[in-house]
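The figures here come from the full heavy-atom set of this structure, side chains too, leaving out hydrogens, waters and symmetry mates. In this text, all values refer to a predicted model and were calculated from it rather than measured experimentally. Chain letters run A, B, ... following the sequence lines, proteins first and then strands; every chain starts at 1.
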Protein chains: 2
Amino acid sequence: MTMKSDKFKVDKRHLRTVRTREKLLVAARHVFLENDFQTTTISQIIKRAGVGYGTAYVHFEGKDELLIVLMEDVMDRFHQVAEQPFEPGTAEEAQKQIEQQAMAFLQLAEQEREMLRVVEQAIGISYVIRTKWKQIRERFIERISCDIRYAQRTGLARPDLNPALVARGWFFANEMYLFEVVREETTASIEEIAKTLTAVYTTGLYEHG
Amino acid sequence: MTMKSDKFKVDKRHLRTVRTREKLLVAARHVFLENDFQTTTISQIIKRAGVGYGTAYVHFEGKDELLIVLMEDVMDRFHQVAEQPFEPGTAEEAQKQIEQQAMAFLQLAEQEREMLRVVEQAIGISYVIRTKWKQIRERFIERISCDIRYAQRTGLARPDLNPALVARGWFFANEMYLFEVVREETTASIEEIAKTLTAVYTTGLYEHG
DNA sequence: CAAACAAATTGACACTGTGTCAATATTATC
DNA sequence: GATAATATTGACACAGTGTCAATTTGTTTG
């Protein structure tokens, strides 16, 4: 059958390639999580994968690309959080929805802590990974900007503020807390963090009579 | 005179040490600013300083410590901004003072752009420098927390929010913008950034009737 | 002041990790 | 089975680090 010989052709050669690639990825994940990005070496990875040194460079450009591939799942989950719908009818609804998104964002930090720990280190060191992370960030900010414009159009939000600037500031605070959670450096619960950040963001720190 | 022979003793040996150290620092500044932290090497620095390779390691532990010493001036200026007094009588006064501090903070980014560019790169790579930067950050956050508690005590700020959490979030947004300014990645003026961030921080994004 | 001492400087060396590439091993095709 | 195509391999050249025994420079002492 053509179906089998075409798409599912038992291509032993191609199969081997895929296997080797997979072995490298599995090994890389282990080594990355057990150590950190800086100290992880190609030698450690190929040793664990049971392949020759040069093989790693056949399949990946280097440490960076290996991590980028490993990051993909996590990144998808971030994108999912970024794309949550936002159509509040009242300011209270808006606050609730924003808080939920902030929570979802911080929960991701908890759930993907190990991988994100490595990613954070890599952001500082590797240009490609920094770029990759910036894409996530810009996607969030773009989305938040839209949400703010929507709220401004419907008369919920103050129209005098630049949506892009506000969105950036809001995301930045969330991002920094994300990594604090990843590093387990925070004393407060993520619920409290999300609640507090959102409260300040939506209604401000100061009393208004 | 003892004054001369004691404290100001013409100690040719000690003088040479100081000179060498200075030569290394001057050279390091040049090389750091012309390249970036990653690609700067000890060899480049000692070559520019006109001293032997090993000499660098006599005076400094490595690249990191060299940069830490070069950072000191900038760090002092940050500390100065952090220690600005805060004793507002009204919410409007508070907003004005906070905005001024945010401005001062971002202006520092503009004025010390080159050095901070290197520092940002180094934060990602070097543990000691990351630690150094965290000290600055914690000092700011500590100070902001105090300010918030003061505003809460005087009935200006909402008493239901955790000052430490709010302070962190506020500083994080400022810090991220600081580095955007350093990288010249921002489209808006620092005035507009400071104004917008402060407006959201003090009175919130949403209308309150 | 010269000899002995002390301190600062030096560059060669060992080490670690990277990325490349010609040689080798494996799989496909005729 | 021979030939071609592709995948794997590890030895190699290279770049940077940090160390340390040897050397240079300055100080003190008899």
Quiz prompt | Interatomic distance where CG belongs to B:Asp64 and C1' belongs to D:dG16 [whole Å] | solution = 14 Å

Quiz prompt | Nearest to side-chain heavy atoms of A:Thr41, which nucleotide of C:dG17, C:dA12, D:dT9 | solution = C:dG17

Quiz item: Start at the 5' end of DNA chain D and walk down; is the nucleotide closest to A:Arg16 or to B:Val58 reached first?
Solution: A:Arg16

Self-check item: Euclidean distance, atom CG of residue A:Asp11 to atom P of D:dA5 [Å, nearest integer]
Solution: 16 Å

Practice problem: Please say which of B:Asn35, B:Asp36, B:Thr41 ends up in a side chain to side chain donor-acceptor pair (under 3.5 Å) with B:Thr39. | Solution: B:Asp36

Quiz item: Does the ring centre of B:Tyr177 sit less than 6.0 Å away from the ring centre of B:Phe105?
Solution: no

Quiz item: Start at the 5' end of DNA chain D and walk down; is the nucleotide closest to B:His14 or to B:Lys63 reached first?
Solution: B:Lys63

Exercise. Using a cut-off of strictly less than 4.0 Å, decide whether A:Thr20 has a side-chain nitrogen or oxygen near OP1 or OP2 of D:dT8.
Key: yes

Quiz prompt | Aromatic ring proximity, centroids under 6.0 angstrom, A:Phe140 and A:Phe171 | solution = yes

Practice problem: Can you tell me the distance, in whole Å, between the CG atom of A:Leu66 and the P atom of C:dG19? | Solution: 12 Å

Quiz prompt | Polar pair under 3.5 Å, donor/acceptor by atom type, side chain B:Arg13, base C:dA6 | solution = yes

Exercise. Give the intermediate values and the outcome of salt bridge (Lys or Arg N to Asp or Glu O under 4.0 Å) for residues A:Arg168 and A:Glu175.
Key: CA-CA 10 Å; A:Arg168 276 196 123 56; A:Glu175 179 179 335; over 6 Å; no

Quiz prompt | A:Ile46 CD1 - D:dA11 P separation (whole Å) | solution = 11 Å

Exercise. Let me know the distance between CZ of A:Arg21 and P of D:dT8, rounded to the nearest Å.
Key: 12 Å

Quiz item: Between C:dG19, C:dT10, D:dT27, which nucleotide gets closest to the side-chain atoms of A:Tyr57?
Solution: C:dG19

Quiz item: D:dG18 C1' sits how many Å from B:Ile45 CD1, rounded?
Solution: 14 Å

Quiz item: Quick one: A:Leu15 CG to C:dA28 C1', roughly how many Å, whole number?
Solution: 14 Å

Practice problem: For D:dA7, take OP1 and OP2 only and decide whether either is under 4.0 Å from a side-chain N or O of A:His59. | Solution: no

Quiz item: A:Tyr53 has a side chain; which of C:dT10, C:dA28, C:dT20 sits nearest to it?
Solution: C:dT20

Self-check item: Residue-phosphate contact under 4.0 Å: A:Ser43 side-chain N/O, C:dG17 OP1/OP2
Solution: no

Quiz prompt | Full working for ring-ring contact (aromatic ring centres under 6.0 Å, His included) between B:Phe172 and A:Trp170 | solution = CA-CA 9 Å; B:Phe172 284 166; A:Trp170 165 242; over 10 Å; no

Self-check item: d(CZ, A:Arg19; P, C:dA25) in whole Å
Solution: 22 Å

